[in-house]
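Step one of this worksheet: look at the structure below.
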Amino acid sequence: MTDYIKSEISSGVMRIQINRPEKRNALSLEMYAALTQLLIRMDEDEQVRVVLLTGHHECFCAGNDLVDFLDHPNVDEDSPMLRFVSTLPFVKKPIIAAVNGAAIGVGATMLLHCDLVFAGENAQFKMPFVNLGLVPEAGSSLLLPQLIGYQRAAELLLLGDIFGSRRAYDLGLVNRVCADDTTLAIASDAAKKLAVQPPAAVCMTKALMKGSQVDVLKNRIKEETKLFVSRLKSPETREALLSFMEKHKSDVSRFE
């Protein structure tokens, strides 16, 4: 485990907190491994009936730690990052997210696999995969068009523009927009309410709602993963990542 991922269990709720505010809760490989381990443990633990996933009041998760990306360019399908995005979508028990501040990249796409999402007024979402020379992950290229329609999904994924919690609500990406200082409390109340529901019925209902696309989603995640790994090794992506980190523009359009 890592100090950057905290967890506790109370009254059937496992609260997992991404706890790296100095880096805007960007996920390192070590943090991905810790999250995956907790999700697997939670699904097997009879004491846990629901997961509450949260960050800090100013940042939920700013995506991947780009320094990790550049320091470990030889990513493969067994990497902690890709194990996480292959585990989260198939968790059997319900997951509730409380989102304040930035939810960027995987910080946004992981919400597609949460059963309830509560966002503060200050929440901001962005999926800048194409901007960084990458492709979407975690099945988002499949789930986002299904959820909000192709054109609106294309706007979010191809342009990679930032959008706020009210737009996220209108698109159907979050269940409720909350006052910033109440987001966690409202999400916690929902988690407690869900934790006292008949557990087998809850898991079966979740499985029924997701069942028709499990195999399709698994295949899409594999396809995304293959492309994501190949993109990480491309000159275009490396230049885009370096440009983003160094805060200068580069002409990646010259690459083919």
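Residue numbers count from 1 along this sequence. Model, not experiment: these values are computed from the prediction.
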Residue pair [X] / [Y], side-chain heavy-atom distance below 4.5 Å:
X: Gln197; Y: Val50; answer: no
X: Ile96; Y: Asp115; answer: no
X: Arg83; Y: Ile40; answer: yes
X: Asp43; Y: Phe90; answer: no
X: Arg24; Y: His56; answer: no
X: Leu232; Y: Leu134; answer: yes
X: Leu27; Y: Asp65; answer: no
X: Val130; Y: Leu157; answer: no

Going by the angle between their ring planes, with limits at 30° and 60°, are Phe163 and Phe125 parallel, tilted or perpendicular?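 Rings of Phe163 and Phe125: parallel, under 30°.
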Can you check whether [Y]'s main-chain N or O pairs, donor with acceptor, with [X]'s side chain at less than 3.5 Å?
X: Ser165; Y: Gly120; result: yes
X: Ser234; Y: Arg231; result: yes
X: Asn64; Y: Ala26; result: no
X: Ser243; Y: Glu239; result: yes
X: Thr36; Y: Tyr32; result: yes
X: Asn25; Y: Ile18; result: yes
X: Lys206; Y: Val91; result: yes
X: Ser28; Y: Met31; result: yes
X: Asp180; Y: Asn122; result: yes
X: Asn175; Y: Phe118; result: no

Establish whether Val174 and Ile186 are linked, either directly or via other cluster members, by ILVMFWY side-chain heavy-atom contacts under 4.5 Å.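 No, it is not one cluster - the side chains of Val174 and Ile186 are not joined through contacts under 4.5 Å.
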Closest approach of [X] and [Y], non-hydrogen atoms and distance?
X: Lys93; Y: Asp45; answer: NZ-O, 2.5 Å
X: Ala191; Y: Val13; answer: O-CG2, 3.8 Å
X: Leu116; Y: Ala190; answer: CD1-CB, 4.4 Å
X: Val117; Y: Cys114; answer: CG2-CB, 3.8 Å
X: Asn100; Y: His57; answer: CB-O, 3.2 Å
X: His113; Y: Ala138; answer: NE2-O, 2.6 Å

Is it true that atom CD of Gln47 has more than 12 heavy atoms of other residues, nucleotides or ligands lying nearer than 6.0 Å?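 At most 12 heavy atoms, drawn from other residues, nucleotides or ligands, come within 6.0 Å of this atom.
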Any carboxylate oxygen within less than 4.0 angstrom of a Lys/Arg side-chain nitrogen, looking at Asp3 and Arg20?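 Result for this pair is no, no salt bridge flagged.
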Determine, for Arg41 against Glu46, whether the closest basic-nitrogen to carboxylate-oxygen distance falls under 4.0 angstrom.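 Looking at Arg41 and Glu46, the cut-off is not met.
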Between [Y] and [X], do the side chains contain a donor N or O and an acceptor N or O under 3.5 Å apart?
X: Ser141; Y: Arg220; result: yes
X: Thr225; Y: Glu137; result: no
X: Ser7; Y: Gln17; result: no

